[in-house]
Amino acid sequence: MKNILIPTDFSDNSCNAIKYAISMFWDQECTFYLLNTYTPAIAGSRFMAATFEESMLTNSASKYSQKGLEDLVARVQKDFNNDRHHFETISSFSLLVDEVIESITAYDIELVIMGTTGATGMEEVFMGSNAVRVIKSVKDCPVLAIPQNFEFEKPTEIAFATDFNRFYTKSELRPLVELAGIFDATVRIVHVQYEIKTLSELQLFNLGMLRKYLGEVEHYVHTVSELNSVSKTLEVFSREMDIHLLAMLNYQHSYMEQLVREPVVKRVAFHTQIPLLVIPELGMTSHLRESSKKEKVVVPN
């Protein structure tokens with residue numbers, strides 16, 4: 001049984017992520033935890049006791065959140081009738097990132113799936129601020145970001161972008177290996193270089209370990225020259241190779257960190273046009289998940 005967390009604000013964008021998740025794990029036994037957080041605006045000074053009006057605002061937001069989740073589950077179960085899939089809802093007076101982190105621990109979450117926003121007008125948006133904050137903050141669980149309006153396509157071609165400068169652990173690569181196994185996918189290891197040069201001994205060693213961990217998964221190594229930026233290079237590579245999912249490790253100086261820090265002008269073509277799997281840095285040992293108690297409403301369905 002897989003435990004998958006899907007944050008939702010009931011927008012079309014977040015509902016599309018739910019549809020993608022259900023389609024992606026259609027043949028898998030899963031429990032989907034649908035999470036909605038709310039933080040109603042509180043009038044008055046933060047040093048003053050809550051007024052009756054403020055209490056009413058909080059109660060109203062709570063009821064809206066719970067009702068929205070109940071309606072969403074009913075709609076999903078009607079549209080996607082699958083005995084393998086189970087749904088629970090989490091309604092919490094909390095900030096999104098804080099509740100995602102706590103839910104990962106509390107419900108033994110193996111994967112977070114969330115929708116992303118694209119460009120709005122002349123403004124370039126990289127995945128949306130919520131997705132970026134979750135990716136930056138979550139340290140012990142992979143995050144799969146689904147582009148706005150992206151319809152599920154079986155990921156038979158997966159790109160794994162890396163520079164081979166860091167040792168990989170088996171636990172870090174497990175999400176990549178598992179997805180490749182589920183979909184009988186080919187993994188395209190893509191190495192972006194500013195100028196093409198021979199791999200160092202350290203890089204060769206790390207490449208060898210990566211191939212060892214991939215085991216029987218069909219995989220190929222692609223070394224490509226940087227085109228203006230890492231994001232542009234990966235966008236072109238993904239399009240030309242018909243990649244269905246792009247995966248990256250998130251650690252200091254990684255491609256993922258470079259993408260987030262790149263100037264906006266360099267990200268014109270990169271709006272996570274395909275699903276992006278961000279795998280956190282776990283190191284040589286997996287992080288222990290410590291439960292923290294917090295008031296929330298969990299409604300099994």
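Computed over heavy atoms, backbone and side chain alike; hydrogens, waters and symmetry mates excluded.
The two residues A185 and P155 make their nearest non-hydrogen contact at CB-O, 3.1 Å. Pairing each heavy atom of C141 with each of V138, the nearest pair is O-CG1, 3.3 Å. When every heavy atom of G68 is checked against every heavy atom of F10, the shortest pair comes out as C-CE2, 3.4 Å. Nearest heavy-atom pair, T37 versus S94, reported as atom, atom and distance to 0.1 Å: CB-O, 3.3 Å. The shortest non-hydrogen separation linking P147 to A145 is CD-O, 3.8 Å. Considering all non-hydrogen atoms of both residues, I274 and F150 come closest at CA-CE1, 4.0 Å.
Here CG of L95 is found 6.0 Å from OG1 of T39. Values are rounded to the nearest 0.5 Å. I279 contributes atom CD1, which lies 10.5 Å from atom CE of M248 (distance to the nearest 0.5 angstrom). The distance from atom CG of L34 to atom OG of S14, rounded to the nearest 0.5 Å, is 9.5 Å. Interatomic distance, CG of L96 versus CE of M114, reported as 5.5 Å (0.5 Å rounding). Here the straight-line distance linking atom CD1 of I104 with atom CD of E99 works out to 10.5 Å at 0.5 Å rounding. Separating the CG atom in L173 from the CG atom in L249 is a distance of 6.0 Å, to the nearest 0.5 Å.
Looking at V221 and R188, their side chains never come closer than 4.5 Å, going by heavy atoms from C-beta outward. In this structure, the side chains of I146 and I113 come closer than 4.5 Å at one or more pairs of heavy atoms. Taking the side chain as every heavy atom from C-beta outward, N165 and Q203 approach each other to under 4.5 Å. Looking at heavy atoms from C-beta onward, F87 lies out of side-chain contact with T31 at the 4.5 angstrom threshold. In this structure the side chain of V112 reaches within 4.5 angstrom of the side chain of P7, judged on heavy atoms. Y168 places none of its side-chain heavy atoms less than 4.5 Å from the side chain of L214. Looking only at side-chain heavy atoms (C-beta outward), F32 and H85 come within less than 4.5 Å of each other. No side-chain heavy atom of D163 sits less than 4.5 Å from a side-chain heavy atom of V192.
With hydrogens and angles disregarded, no donor-acceptor distance shorter than 3.5 Å links the side chain of D184 to the backbone of T156. Here the side chain of K139 pairs a donor or acceptor atom with the backbone of K136 at under 3.5 angstrom. Between the S103 side chain and the V100 main chain, no donor and acceptor come within less than 3.5 Å of each other. Distance alone, capped at 3.5 Å, places no donor-acceptor pair between the D108 side chain and the N3 backbone. Judged by distance alone, the side chain of H244 and the main-chain N or O of E153 form no donor-acceptor pair under 3.5 Å.
In this structure, F164 has its ring center under 6.0 Å from that of H191.
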Verdict with supporting geometry, M24 and W26, side-chain contact (heavy atoms from CB on, under 4.5 Å):
CA-CA 6 Å; M24 186 176 206; W26 186 258; over 6 Å; no
Criterion salt bridge (charged side-chain N to carboxylate O under 4.0 Å, His left out) on R75 and D79, from CA distance to verdict:
CA-CA 6 Å; R75 189 165 70 249; D79 294 342; 5.1 Å; no
Please report the C-alpha distance between L72 and T8 in whole Å, then the side-chain angles of each, then the deciding distance to 0.1 Å, and finally whether the side-chain contact (heavy atoms from CB on, under 4.5 Å) criterion is met.
CA-CA 10 Å; L72 179 58; T8 179; 3.9 Å; yes
Any chance you could lay out the side-chain contact (heavy atoms from CB on, under 4.5 Å) test for I158 and T186, step after step, and finish with the verdict?
CA-CA 6 Å; I158 300 175; T186 297; over 6 Å; no
L276 vs L144, test: side-chain contact (heavy atoms from CB on, under 4.5 Å). Steps then yes/no.
CA-CA 6 Å; L276 175 64; L144 179 59; 5.9 Å; no
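A parallel orientation is assigned to the rings of Y107 and Y33, their planes being inclined by less than 30° (bins at 30° and 60°).
Between S62 and S65, the side chains place no donor N or O within less than 3.5 Å of an acceptor N or O (distance only, hydrogens not considered). For the residue pair S91 and Y38, no side-chain donor N or O sits within less than 3.5 Å of a side-chain acceptor on the partner. Inspection of the D9 and S11 side chains reveals an N or O donor paired with an N or O acceptor under 3.5 Å. Inspection of the T169 and E172 side chains reveals an N or O donor paired with an N or O acceptor under 3.5 Å.
A salt bridge is defined here as a Lys NZ or Arg NE, NH1 or NH2 lying under 4.0 Å from an Asp or Glu carboxylate O, and E281 with R166 meets this definition. Between E29 and K2, none of the side-chain N atoms (NZ, or NE/NH1/NH2) sits under 4.0 Å from a carboxylate O, so this pair counts as no salt bridge.
For residues 205-233, the set of pairs meeting the ring-ring contact (aromatic ring centres under 6.0 Å, His included) definition, not counting sequence neighbours, comprises H222-F237.
V236 belongs to a hydrophobic cluster whose other members, connected by ILVMFWY side-chain contacts under 4.5 Å either directly or through intermediates, are L227.
L202 and I189 fall into different hydrophobic clusters, where Ile, Leu, Val, Met, Phe, Trp and Tyr side chains are chained together by heavy-atom contacts under 4.5 Å.
Around the CG atom of D12, the shell of radius 6.0 Å holds no more than 12 heavy atoms that belong to other residues, nucleotides or ligands.
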